[in-house]
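Below is one structure; the comments refer to it alone.
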Amino acid sequence: MVKPDIHTLAHHLKQERLYVASEKQLIQRLNGDVLKTAERLYRAAWITKQQRINLDRLILTSAEASPAECCQHAKVLEDTQFLDGYKTLGFQESIYGEFLGRVRENPRLVASCLVAGERLNQEHTQGVIYTVFTSLYGNCIMQEDESYLLQVLRYLVEFELKESDNPRRLLRRGTCAFSILFKLFSEGLYSAKLFLTATLHEPIMQLLVEDEDHLETDPSKVTERFTPAQQERLFGEKGSEGYRQKVAAAVEANEAKLVTLVNKFIGYLKQNTYCFPHNLRWIVSQMYKTLSCVERLEVGEVRTMCTDLLLTCFICPAIVNPEQYGIISDAPINEVARFNLMQVGQLLQQLAMANGDGDPRRKNSLAKFDKSCVAAFLDVVIGGRAVETPPMSSINLLEGLSRTVAYMTHSQLLCLVDFVRSVMAGDHLREEEHILLETLMANVPQSGTVKSNSLELTPSNTPQLSPTTTPANKKNRNLDFKLFYTVANKNIYPVYYFTLNLLPSSFAAYE
């Protein structure tokens with residue numbers, strides 16, 4: 001009886017071993033699929049954000065970027081292909097990797113460097129800010145990167161806004177490091193897109209239905225859109241008393257329509273505060289908490305700054321350009337509707353301002369609103385206990401997966417290194433931060449000594465490599481320097497990216 005039992009046991013153990021081996025192979029295959037999919041996601045996110053920055057550059061700074069230049073840049077981005085950087089830079093790849101990895105994990109140092117660069121009027125500061133978001137923190141796709149960036153924003157409030165003589169003016173200009181990073185972060189946040197769509201879709205669609213007339217409230221501009229014959233037919237003889245009365249009546253009618261529209265927007269804003277993103281709420285709460293402790297700032301002024309931040313950098317841009325934020329996709333926006341959307345956005349911004357700070361030309365329109373209509377929205381956002389730890393997304397589909405790549409162009413690399421060196425040469429860093437940067441930069445090559453044979457690369461002789469092909473001996477917390485190139489008009493444009501090798505994650509347990 002014993003021998004058959006032993007044979008049965010051996011058979012079951014063999015079957016179990018085969019089953020475990022099969023499951024391990026399946027998990028390894030699934031891990032590989034996850035890594036490849038994540039790699040495609042990182043690449044697509046990097047290219048998409050660069051395209052968005054390129055589009056904003058064309059729209060907002062058309063004087064500095066011609067349509068032809070932006071179109072050429074968009075084509076270059078579309079044709080981008082990726083390669084491992086250690087094939088190009090050799091041993092220098094690990095040096096850059098160690099530097100970037102340690103900087104990424106120090107949000108306080110990142111914030112200090114950005115503020116110091118702005119105070120030195122460093123010309124490449126804005127480009128470095130974009131690099132910090134898109135490359136160092138990978139467009140905040142991963143939860144860890146999101147947490148790091150939230151801490152960077154908190155330190156920017158402390159180092160930049162709190163120390164500014166006029167933080168409100170700094171915020172309204174929208175060119176400081178905090179404003180730019182806040183805008184980049186909120187644009188890519190999925191929960192922010194849900195909130196904006198839930199809040200703005202219905203009132204914007206109502207406005208598009210009623211877009212027959214320009215809702216102009218400036219008496220000097222009401223008649224500008226009409227020909228002289230139309231002006232005389234609609235308003236009478238120019239300069240007469242009847243003319244002035246009809247212009248005033250038209251302005252009053254437009255103001256009444258605008259007030260109705262803006263009240264609709266405010267109503268939907270209050271109605272959907274329950275789905276306001278927790279991450280943005282944490283940033284605004286930290287901003288309110290920090291600036292309320294500044295003696296020269298009144299509490300009312302701090303509240304106005306918080307509201308102004310939400311409207312200027314988050315809500316109003318989505319009102320003016322709803323198609324860019326995915327709020328509407330099938331309804332065309334003509335010139336009249338765009339103008340009226342801008343009027344709504346400007347009125348909301350004026351309502352956020354303190355008494356006496358608004359545009360005097362909108363005084364009559366603003367008098368028709370409840371003064372606390374926007375304040376009630378802010379109370380919900382900053383209400384509750386402010387915690388020090390950044391909130392994590394309640395549903396994280398990428399939990400357990402660590403980011404392994406960080407993309408950066410060659411020019412971005414050189415600008416970042418030169419930026420850090422210029423900051424070190426200045427006197428705006430604390431002593432401990434200066435010492436830390438000296439340690440991090442000790443082995444980083446000078447910009448002119450970066451070795452690269454990328455100009456010799458061609459599509460036919462350049463191998464395609466993924467992060468999973470990185471040598472096994474590179475399992476450290478460094479950023480491995482990598483290369484990708486773009487092909488446009490038969491010319492090769494060398495560009496670089498980094499691969500972030502973290503400690504093995506749960507998805508790589510069977511490597």
Side-chain angles (χ1 to χ4, degrees), residues 41-61 65 70 73-74 77 100 103-104 107 110-111 113-115 117-118 124-157 159-161 170-196 277-284 286-287 308-318 320-321 324-327 390 393 403 406-409 412 415-416 419 497:
L41 172 63
Y42 300 143
R43 293 179 179 184
W46 188 90
I47 294 174
T48 301
K49 180 57 73 173
Q50 296 299 325
Q51 293 280 28
R52 180 61 180 267
I53 293 172
N54 185 44
L55 177 62
D56 289 342
R57 182 164 161 257
L58 173 63
I59 296 174
L60 303 177
T61 60
C70 291
H73 188 57
L77 288 171
L100 290 174
V103 169
R104 171 180 175 266
V110 172
C113 288
L114 293 178
V115 174
E118 289 184 324
H124 296 301
T125 300
Q126 188 171 13
V128 170
I129 295 171
Y130 286 128
T131 301
V132 166
F133 181 81
T134 60
S135 301
L136 207 58
Y137 295 118
N139 295 299
C140 291
I141 294 176
M142 304 303 298
Q143 202 169 66
E144 185 181 31
D145 292 311
E146 186 178 301
S147 177
Y148 281 140
L149 188 76
L150 288 172
Q151 293 178 60
V152 172
L153 287 168
R154 182 184 66 179
Y155 285 123
L156 284 174
V157 171
F159 301 154
E160 185 174 47
L161 300 183
L170 193 65
L171 277 176
R172 286 192 65 81
R173 283 206 304 256
T175 56
C176 66
F178 178 84
S179 296
I180 295 174
L181 281 179
F182 181 88
K183 185 173 184 295
L184 290 171
F185 178 64
S186 60
E187 284 178 349
L189 196 62
Y190 182 68
S191 57
K193 294 178 181 179
L194 292 179
F195 169 76
L196 291 175
H278 294 294
N279 298 332
L280 300 186
R281 179 175 296 180
W282 183 82
I283 296 172
V284 178
Q286 292 294 320
M287 176 178 166
D308 203 23
L309 172 70
L310 291 175
L311 292 175
T312 304
C313 296
F314 180 48
I315 296 174
C316 287
V320 176
N321 297 297
Q324 290 186 19
Y325 290 80
I327 297 171
S393 302
R403 180 166 64 93
Y407 300 92
M408 185 179 296
T409 67
Q412 287 173 341
C415 283
L416 179 61
F419 175 84
Y497 78 90

Here the gap from Leu150 atom CG to Ile283 atom CD1, rounded to the nearest 0.5 Å, amounts to 5.0 Å
Partners passing ring pair (Phe, Tyr, Trp, His ring centres under 6.0 Å) against Tyr325 (at least two apart in sequence or in another chain):
none
Does some side-chain heavy atom of Asn279 sit less than 4.5 Å from a side-chain heavy atom of Glu146?
yes
Return the CG to SG distance between Leu161 and Cys176, rounded to the nearest 0.5 Å.
6.0 Å
Separation between OG1 of Thr48 and CG of Leu55, rounded to the nearest 0.5 Å
12.0 Å
Which pair of non-hydrogen atoms, one from Glu118 and one from Thr125, has the smallest distance, and what is that distance?
CG-CG2, 3.6 Å
Let me see the working for Phe195 and Leu280 under side-chain contact (heavy atoms from CB on, under 4.5 Å), right down to the final yes or no.
CA-CA 11 Å; Phe195 169 76; Leu280 300 186; over 6 Å; no
According to salt bridge (Lys or Arg N to Asp or Glu O under 4.0 Å), who are the partners of Arg281, at least two apart in sequence or on a separate chain?
none
Do Leu309 and Phe314 touch side chain to side chain, with heavy atoms closer than 4.5 Å?
no
Without placing hydrogens or testing angles, list every side-chain donor-acceptor pair under 3.5 Å for residues 182-189, not counting sequence neighbours.
from, atom 1, to, atom 2, distance (Å)
Lys183, NZ, Glu187, OE2, 2.4
Ser186, OG, Phe182, O, 3.0
Ser186, OG, Lys183, O, 3.1

Where Val103 and Val110 come nearest, the two heavy atoms and their spacing:
O-CG2, 3.5 Å
Roughly how far, to the nearest 0.5 Å, is CD of Gln324 from CG of Asp56?
6.5 Å
Shortest non-hydrogen contact from Cys140 toward Leu149
SG-CD2, 3.4 Å
Please tell me if the side chains of Trp46 and Leu77 come closer than 4.5 Å, counting only heavy atoms from C-beta onward.
yes
Could you grab the distance from atom CG of Asp145 to atom CD of Gln143, nearest 0.5 Å is fine?
10.5 Å
Of all heavy-atom pairs linking Leu196 and Ile315, the shortest is CD2-CA, 4.4 Å
Answer yes or no: is there a side-chain heavy-atom contact under 4.5 Å between Ser191 and His278?
no
I'd like to check Thr312 versus Leu171 (side-chain heavy atoms, cut-off strictly below 4.5 Å). Are they in contact?
no
Pairwise distance CD1(Ile53) to CD(Gln126) - rounded to 0.5 angstrom:
9.5 Å
Search all heavy atoms of Leu156 against all heavy atoms of Ala111 and return the closest pair with its distance.
CD2-O, 3.8 Å
Shortest non-hydrogen pair, Ser135 vs Gln412, comes out as OG-OE1, 3.9 Å
Residue from Gln51, Lys49, Gln50 passing side-chain contact (heavy atoms from CB on, under 4.5 Å) with Ile47
Gln51
Looking only at atom types and distance, does a side-chain atom of Glu160 sit under 3.5 Å from a main-chain N or O of Phe178, one as donor and one as acceptor?
yes
